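For reference, the structure discussed in these notes is given below.
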Amino acid sequence: MFPEEFTEKYSNILAKEAPAFFQSFDQEPVSAFRVNPLKKVQKTFDNPIHNTRWGYYGKISGKSPEHATGLVYSQEPAAQMVVQVASPQKNMKILDLAAAPGGKSTHLLSYLENTGLLVSNEISTKRSKVLVENIERFGARNVVVTNESAANLSRVFNDYFDLIVFDGPCSGEGMFRKDPNAISYWSEQYPTECSLLQKDILKDTLKMLKPGGKLVYSTCTWSLEENEDVVNWLLENYPYLEVMNVKKLNGMVSGIELEEVARMYPHHFRGEGQFVAVLRDNRPISDARITLKNKKNSQNNLKKDQAKLWQAFQKESLSITLEGQFDVFGQELYLVPKGLPDMSRLKIARNGLHLGTFKKNRFEPSFALGLALTTDDVVQFIEIDIEQYKDYVQGRTITLSKTYSNGWYQVTVNGNGLGFAKVVGNVLKNYYPKGLRFQA
């Protein structure tokens, strides 16, 4: 099953534990999910993951209302521990550097609770599109998705972030059970090759960490070269960094000759493979190199007629006032989080929360806005049942049981938003995006 070099390597590292380690690969991968605290929970979930706030063992269907409305996010248990170890606080400015498909970003957003800022970055254009879709479904308002290298980001975000989470590109040994095809990519030299890439990215990453901030470095591999060796390299080359102790939960164990870091092996931890380390930047706050010329102009760029259309929609349809900077790109209106520097030099995949589109003499709310708001945030909503949900996600109009006033309504299922739609009499028109439609 495994390359001979892999078997020999971990037989030497794990010694007496090696047989149990290798036997764990014959077991089924462990599935899990998190419940989104930004949404309304109207059902009870069983089998919680101990010592976590939102984690549960089990599988969720990608066609279920829970998934479609962003109430749940599938993420295996070991990966869930990375952000828990990071322990984000409200109002922080956070960077998730290698974010696709979105597990760690959505977990970070759970802690932020629509405060502060998350820059969720993915260098791959293809993967960044998946990231945008998952973040949009999650419904947070305080996130920007970029499609950049660490080098380009560091030119804009000097000494900027309170917390950086970097789940580095790695040899993927911890995913061998979940994805056996990953074994075919492994070679004896591969971990060393990955470690060189990780170090190269970290050089630019550290330029973005604010004095006093934290870097959370993780991989889904057990390789010493990509884990403890990288942490020791950081400590040697950046003497102001201090490795922090990671509390060992649910079967996590200490690192190899580095007690503070944590490893997750499938014969100890109920999940797949993971490594995580936390390093604190101990430079004095006065050493920050923030460049004021990068501060973003706070003026909104709405034209007068656009502002009137948006304000009319907000007055008629929303019971809250959305705060932030309003930016128009073409005819698309976005709510951009506060406190961003000038990002005009960066490739942006999602410039904040997409509010909607300006059309001739009218404003049409976006699907994303209907996902991000709760029923408390809107003036009117229509709850559809499970059978109507199955029709709606296929693109069909819904005949309602009674007549409503014409206008925009948030569509909800099990209390959570599924976008906005127009109602005419007793007909709910279908505004579910064509690219997302499916047969439930």
Side-chain angles (χ1 to χ4, degrees), residues 37-38 82-99 102 104-122 131-132 135 138-167 201-202 204-218 240-241 244 278-298 322-325 327 334-353 372:
L38 304 181
V82 175
V83 171
Q84 175 152 326
V85 164
S87 89
Q89 304 296 314
K90 287 184 181 180
N91 297 305
M92 274 187 169
K93 293 176 180 176
I94 302 176
L95 170 65
D96 184 2
L97 183 57
K104 292 175 181 65
S105 282
T106 53
H107 203 177
L108 289 163
L109 290 166
S110 296
Y111 282 92
L112 285 176
E113 295 181 18
N114 280 321
T115 68
L117 167 72
L118 174 67
V119 175
S120 182
N121 180 72
E122 174 54 47
L131 175 62
V132 167
I135 282 182
F138 205 74
R141 307 171 198 168
N142 58 327
V143 55
V144 171
V145 181
T146 53
N147 176 209
E148 277 293 356
S149 66
N152 285 344
L153 288 172
S154 69
R155 296 185 184 104
V156 173
F157 293 105
N158 241 356
D159 285 356
Y160 184 84
F161 294 104
D162 302 297
L163 171 66
I164 297 177
V165 175
F166 176 42
D167 190 43
I201 296 171
L202 282 164
D204 290 307
T205 302
L206 286 168
K207 296 174 185 177
M208 298 183 275
L209 188 63
K210 182 188 293 185
K214 288 193 303 184
L215 168 69
V216 176
Y217 173 69
S218 66
Y240 58 83
L241 292 177
M244 310 297 292
V278 180
L279 297 106
R280 184 170 62 195
D281 184 330
N282 283 332
R283 288 175 299 157
I285 302 297
S286 58
D287 286 358
R289 303 180 300 264
I290 295 174
T291 51
L292 294 176
K293 67 180 180 180
N294 278 345
K295 290 295 181 182
K296 189 176 179 71
N297 189 323
S298 61
L322 294 174
E323 295 184 358
Q325 168 149 340
D327 274 356
Y334 286 83
L335 181 70
V336 183
K338 294 179 179 179
L340 281 166
D342 179 7
M343 299 202 302
S344 59
R345 291 178 287 171
L346 301 177
K347 287 183 284 186
I348 310 281
R350 183 186 192 264
N351 200 23
L353 174 61

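What you are looking at is a predicted structure, and each value in this text was computed from that prediction instead of being measured.
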Qualifying residue for side-chain hydrogen bond (donor to acceptor under 3.5 Å, both in side chains) with D162, from K214, K93, K210 = K210
task = List the atom of A140, the atom of L353, and the distance in Å for their closest heavy-atom pair.
result = O-CD1, 4.4 Å
ask   = In Å, rounded to the nearest 0.5 Å, how long is the span from CZ of F138 to OG of S110?
value = 3.5 Å
ask   = Looking only at heavy atoms, which two atoms of P88 and V83 are closest? And how far apart?
value = CD-O, 3.5 Å
message = Taking the side chain as everything from C-beta on, heavy atoms only, tell me whether R280 gets closer than 4.5 Å to V278.
response = no
ask   = Which atom names give the shortest non-hydrogen contact between L38 and E113, and what distance separates them?
value = CD2-CA, 3.9 Å
task = With rounding to the nearest 0.5 Å, note down the distance linking CG in L241 to CG in L209.
result = 7.5 Å
ask   = Say you draw a straight line from CZ of R155 to CG of L346; how long is it, rounded to the nearest 0.5 Å?
value = 10.0 Å
Between side-chain atoms of residues 114-122 and protein atoms elsewhere (two or more places apart, or another chain), which donor-acceptor pairs fall under 3.5 Å?
unit_1	atom_1	unit_2	atom_2	d
N114	OD1	R141	N	2.8
T115	OG1	N91	N	2.8
T115	OG1	L112	O	2.6
S120	OG	S105	OG	2.7
N121	OD1	T146	OG1	2.7
N121	OD1	E148	N	3.0
N121	ND2	L97	O	3.0
N121	ND2	E148	O	2.9
E122	OE1	A100	N	3.1
E122	OE2	S124	N	3.2

inquiry  = Does L215 form a side chain to side chain contact (heavy atoms under 4.5 Å, CB included) with D281? I'd like the steps, not just the answer.
reply    = CA-CA 8 Å; L215 168 69; D281 184 330; over 6 Å; no
task = Apply side chain to side chain contact (heavy atoms under 4.5 Å, CB included) to R283 and D159, showing your working.
result = CA-CA 11 Å; R283 288 175 299 157; D159 285 356; 3.5 Å; yes
ask   = So Y240 and L279, side chain to side chain contact (heavy atoms under 4.5 Å, CB included) or not? Walk me through it.
value = CA-CA 10 Å; Y240 58 83; L279 297 106; over 6 Å; no
message = Using side-chain heavy atoms (C-beta onward) and a distance below 4.5 Å, is V82 in contact with F166?
response = no
key: Y217/L202 under side chain to side chain contact (heavy atoms under 4.5 Å, CB included): CA gap, chis, key distance, verdict   = CA-CA 9 Å; Y217 173 69; L202 282 164; 4.2 Å; yes
request  = Find out whether M92 and L108 are in side-chain contact, i.e. whether some heavy atom of one side chain is under 4.5 Å from a heavy atom of the other.
outcome  = no
inquiry  = Show the nearest heavy-atom pair for residues S154 and A151, with the distance to one decimal.
reply    = OG-O, 2.7 Å
query = When rounded to the nearest 0.5 angstrom, what distance separates CZ in R345 from CG in L153?
reply = 11.0 Å
request  = Working to the nearest 0.5 Å, report the span between CG of L206 and CD1 of I164.
outcome  = 7.0 Å
ask   = How long is the span from the CZ atom in R350 to the OH atom in Y334, to the nearest 0.5 Å?
value = 8.0 Å
ask   = For the residue pair V144 and G352, what are the closest heavy atoms and their distance?
value = CG2-N, 3.8 Å
key: Side-chain heavy-atom pair K347, N152 within 4.5 angstrom cut-off   = no
note = Closest non-hydrogen atoms of I285 and P211, given as atom of the first, atom of the second and distance, are CD1-O, 3.1 Å
